[in-house]
Amino acid sequence: MRGRGIGAAALLMVLAVLFGLCWRLKPHQEPLRVEAVCQNAGDREGSPVVSMDETAEGGVAFRNQGRLGCRLRVRLCVAQVDGKPVLEAGVIRDGSFQPAGTGGPEGTEYWTARGEYLYYENTRTQGLLLPGQETPPVYTAVRLNQELEPEDLETLEVLGSEQQVFVLADAEQA
């Protein structure tokens, strides 16, 4: 009887040592640390109010604060009226507004639209945001959707005049 107890205890010890070695030797993933960096919104105080023919400056970029490169995609979320987005985020290029992610590559880093997401692209790093690096801004200007009808604008006034762009970011380690 006593021999079985010692054998069982020895087997449990061997299993515990094996489990400890497996846990210690398995690869541990570094935590992702991507930080949103707000771009200058001019000298306006608080949230800018935009009329139909205006744009507001500002935007957001991202910085990789981790130790490993990562792939990054974002989704811009805005309120809708009758299925139409209230705001559009984009860039002013050559005096005209272009929706975010549709302007094509400018240099080695840019954002490109695919489906509902904007993807960070970098031709030198095969799309990786390297540690310590910052993306170009996802957008640099916001305006009211030009397809809104006068009735939509009346609905907006009832809902409240303050509208915001929410940015959902999704990062994946390479």
Side-chain angles (χ1 to χ4, degrees), residues 11-44 46-48 50 55-81 83-94 96-145 162-174:
L11 180 63
L12 285 175
M13 246 202 288
V14 167
L15 288 175
V17 167
L18 285 176
F19 176 76
L21 282 174
C22 288
W23 185 84
R24 182 142 174 100
L25 295 177
K26 81 173 185 177
H28 293 284
Q29 227 175 3
E30 284 284 329
L32 269 175
R33 291 183 45 217
V34 177
E35 164 185 81
V37 180
C38 292
Q39 303 296 308
N40 185 5
D43 294 331
R44 301 178 192 221
S47 298
V50 184
T55 59
E57 293 179 6
V60 65
F62 294 90
R63 183 179 301 126
N64 184 350
Q65 299 287 71
R67 293 172 151 187
L68 299 174
C70 66
R71 299 194 186 287
L72 186 62
R73 72 178 186 171
V74 297
R75 184 173 176 197
L76 304 178
C77 303
V78 297
Q80 295 189 357
V81 174
K84 294 180 249 179
V86 173
L87 298 174
E88 295 177 306
V91 296
I92 304 292
R93 201 171 275 131
D94 299 326
S96 65
F97 184 90
Q98 292 182 345
T102 61
E106 271 196 21
T108 58
E109 297 181 283
Y110 56 96
W111 291 92
T112 186
R114 291 195 301 262
E116 295 181 330
Y117 289 90
L118 298 169
Y119 291 82
Y120 170 71
E121 298 291 343
N122 187 319
T123 57
R124 289 180 301 189
T125 63
Q126 287 74 45
L128 290 179
L129 178 59
L130 298 177
Q133 297 299 308
E134 186 174 309
T135 68
V138 177
Y139 62 91
T140 57
V142 176
R143 72 176 186 181
L144 282 173
N145 185 349
E162 188 174 312
Q163 299 297 321
Q164 298 175 343
V165 176
F166 293 94
V167 181
L168 300 176
D170 183 23
E172 178 183 280
Q173 276 186 346

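Positions are given from 1, in the same order as the sequence printed here. These values consider heavy atoms only, across backbone and side chains, with no hydrogens, waters or symmetry-generated copies.
- No side-chain heavy atom of Tyr139 sits less than 4.5 Å from a side-chain heavy atom of Leu118.
- Heavy atoms only, all atoms of each residue included: Pro136 and Trp111 are closest at O-NE1, 2.9 Å.
- Across Ala100 and Ala113, no two heavy atoms sit closer than the pair O-CB, 4.3 Å.
- Evaluation of the side-chain contact (heavy atoms from CB on, under 4.5 Å) rule for Arg67 yields Glu30 as partners, not counting sequence neighbours.
- The CG atom of Leu68 sits 5.0 Å away from the CD atom of Gln173 when rounded to the nearest 0.5 Å.
- Under the rule for a salt bridge (Lys or Arg N to Asp or Glu O under 4.0 Å), Arg124 has no partner lying at least two apart in sequence or in another chain.
- Shortest non-hydrogen contact noted between Leu76 and Val167 is CD2-CG2, 3.7 Å.
- If you take CZ on Arg33 and SG on Cys70, they are separated by 12.0 Å, rounding to the nearest 0.5 Å.
- Using a 4.5 Å heavy-atom cutoff, the side chains of Gln133 and Asn64 are not in contact.
- Arg73 pairs by the salt bridge (Lys or Arg N to Asp or Glu O under 4.0 Å) definition with Asp170, not counting sequence neighbours.
- Taking each heavy atom of Phe62 and Ala169 in turn, the nearest pair found is CE2-CB, 3.8 Å.
- Between Leu128 and Arg71, the closest side-chain pair of non-hydrogen atoms falls below 4.5 Å.
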For this session: Please lay out, stage by stage, how Tyr117 and Leu168 fare under the test side chain to side chain contact (heavy atoms under 4.5 Å, CB included).
Result: CA-CA 9 Å; Tyr117 289 90; Leu168 300 176; over 6 Å; no
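- Partners of Ala79 according to the side-chain contact (heavy atoms from CB on, under 4.5 Å) rule, which considers only residues two or more places apart in sequence or in another chain, are Val86, Gln163.
- Between Pro131 and Gly69, the closest heavy-atom pair is CD-N, 3.9 Å.
- Remark: Glu116 pairs with Arg75 by the salt bridge (Lys or Arg N to Asp or Glu O under 4.0 Å) rule, at least two apart or across chains.
- With values rounded to the nearest 0.5 angstrom, Leu129 atom CG is found 6.5 Å from Leu72 atom CG.
- Of the possible donor and acceptor atoms, none in the side chain of Thr108 sits under 3.5 Å from a partner among the backbone N and O of Thr123.
- Annotation: side chain to side chain donor-acceptor pair (under 3.5 Å) contacts of Tyr120 (sequence neighbours excluded): Glu109, Asn122.
- A salt bridge links Glu35 to Arg63: one of the charged nitrogens lies within less than 4.0 Å of a carboxylate oxygen.
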